[in-house]
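Here the structure is laid out as structure tokens; the discussion comes afterwards.
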Amino acid sequence: KAGVTQTPRYLIKTRGQQVTLSCSPISGHRSVSWYQQTPGQGLQFLFEYFSETQRNKGNFPGRFSGRQFSNSRSEMNVSTLELGDSALYLCASSFPSGRSTDTQYFGPGTRLTVL
Amino acid sequence: DQQVKQNSPSLSVQEGRISILNCDYTNSMFDYFLWYKKYPAEGPTFLISISSIKDKNEDGRFTVFLNKSAKHLSLHIVPSQPGDSAVYFCAASRRNSGGSNYKLTFGKGTLLTVNP
């Protein structure tokens with residue numbers, strides 16, 4: 001079974017631009033979560049989608065948004081990029097059985113650099 | 001406010017010895033805890049988990065211990081192997097009322113180096 005895939009793997013943008021990152025979950029998985037990893041803050045939860053609906057949201061500004069499609073693929077968008085948005089963005093998918101113990105499987109991440 | 005803390009940024013052990021990675025949490029609502037391993041240029045890989053109703057969970061060379069009263073958990077790797085060298089993240093989650101919660105709160109990680 002193919003794992004979680006994320007595209008692109010690397011991205012360079014300039015301040016003020018916007019960016020869209022894509023995540024394809026493991027086949028059959030319906031929950032997709034996004035995380036931001038930075039050296040200073042570690043891994044921080046952005047949001048989680050299930051059946052095209054955002055179920056959970058972390059403490060990030062409204063510049064960070066996401067969506068999920070009917071095939072469970074997900075995108076996240078960051079508008080008006082700032083230098084501090086440079087980070088590794090990780091996507092994780094899980095097969096929700098309704099328990100909080102469902103394991104999340106991570107993709108390799110997209111490395112975003114903002115110049 | 002960091003709710004999950006890994007106070008040791010790095011740990012170095014000899015091959016064959018025990019590695020003990022520690023994690024503390026402050027939120028008493030957390031009821032499920034996980035350990036992930038991460039190699040450079042890869043996403044975190046799930047290693048082992050424990051529910052708050054247990055105090056120990058074992059899977060091969062990996063054992064996680066949970067001390068709820070101290071809000072502390074630890075990961076033991078015995079015996080340690082050079083291939084275990086990676087960053088280890090502790091994570092915690094809590095159930096929302098009425099359903100599941102996929103929001104994981106992570107510690108900042110501990111870099112484990114296992115020397116041959």
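Per chain, numbering begins at 1; letters A, B, ... match sequence-line order.
Results of the side chain to side chain contact (heavy atoms under 4.5 Å, CB included) test with A:Gln18 over A:Asn77, A:Leu81, A:Thr80, A:Val78 single out A:Asn77 as the only residue that passes.
B:Val78 and B:Ile20 end up in the same hydrophobic cluster when Ile, Leu, Val, Met, Phe, Trp and Tyr side chains are linked at under 4.5 Å. B:Val64 and B:Tyr88 fall within a single hydrophobic cluster, where Ile, Leu, Val, Met, Phe, Trp and Tyr are joined by side-chain heavy atoms under 4.5 Å apart, directly or via other members.
Across every non-hydrogen atom of A:Arg73 and A:Cys23, the tightest pair is CG-O, 3.0 Å.
For A:Gln17 (side chain) and A:Thr14 (main-chain N/O), a donor-acceptor pair under 3.5 Å exists by modelled atom type. In this structure a side-chain-to-backbone donor-acceptor pair under 3.5 Å is present from B:Gln6 to B:Cys90. B:Tyr25 places no side-chain N or O within 3.5 Å of a backbone atom of B:Ala91 that could act as its donor or acceptor partner. Remark: the backbone N or O of B:Val4 is paired with a side-chain donor or acceptor of B:Gln2 at under 3.5 angstrom. Between the A:Gln6 side chain and the A:Cys91 main chain, a donor and an acceptor come within less than 3.5 Å of each other.
Between A:His29 and A:Phe95, the ring-plane angle classifies as tilted under the 30° and 60° cut-offs.
In this structure, no portion of A:Leu46 lies under 4.5 Å from any heavy atom of chain B. Contact of A:Leu43 with chain B is made through backbone and side chain together, with heavy-atom distances under 4.5 Å. No part of A:Gln44 comes within reach of chain B, as not one of its non-hydrogen atoms sits under 4.5 angstrom from that chain.
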(Q) Please evaluate residues A:Phe64 and A:Met76 with respect to the criterion side-chain contact (heavy atoms from CB on, under 4.5 Å), reporting the C-alpha separation (whole Å), side-chain torsions for both, the decisive distance (0.1 Å), and the verdict. (A) CA-CA 7 Å; A:Phe64 291 81; A:Met76 69 161 281; 3.9 Å; yes
**Q.** From CA spacing to verdict: side-chain contact (heavy atoms from CB on, under 4.5 Å), A:Phe60, A:Gln36
**A.** CA-CA 10 Å; A:Phe60 279 81; A:Gln36 180 197 64; 3.3 Å; yes
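Identified under the salt bridge (Lys or Arg N to Asp or Glu O under 4.0 Å) test for residues 62-71 of chain A, with sequence neighbours left out: A:Arg63-A:Glu82, A:Arg63-A:Asp85, A:Arg67-A:Glu75.
Residues of residues 66-74 of chain B placed with any heavy atom under 4.5 Å of a heavy atom in chain A are absent; none qualify. Scanning residues 108-116 of chain B against chain A with a 4.5 Å non-hydrogen threshold yields B:Lys108, sorted by number. Among residues 105-115 of chain A, the residues having any heavy atom closer than 4.5 Å to a heavy atom of chain B are, in sequence order, A:Phe106, A:Gly107, A:Pro108.
A heavy-atom distance below 4.5 Å is found between the side chains of A:Ser31 and A:Glu48.
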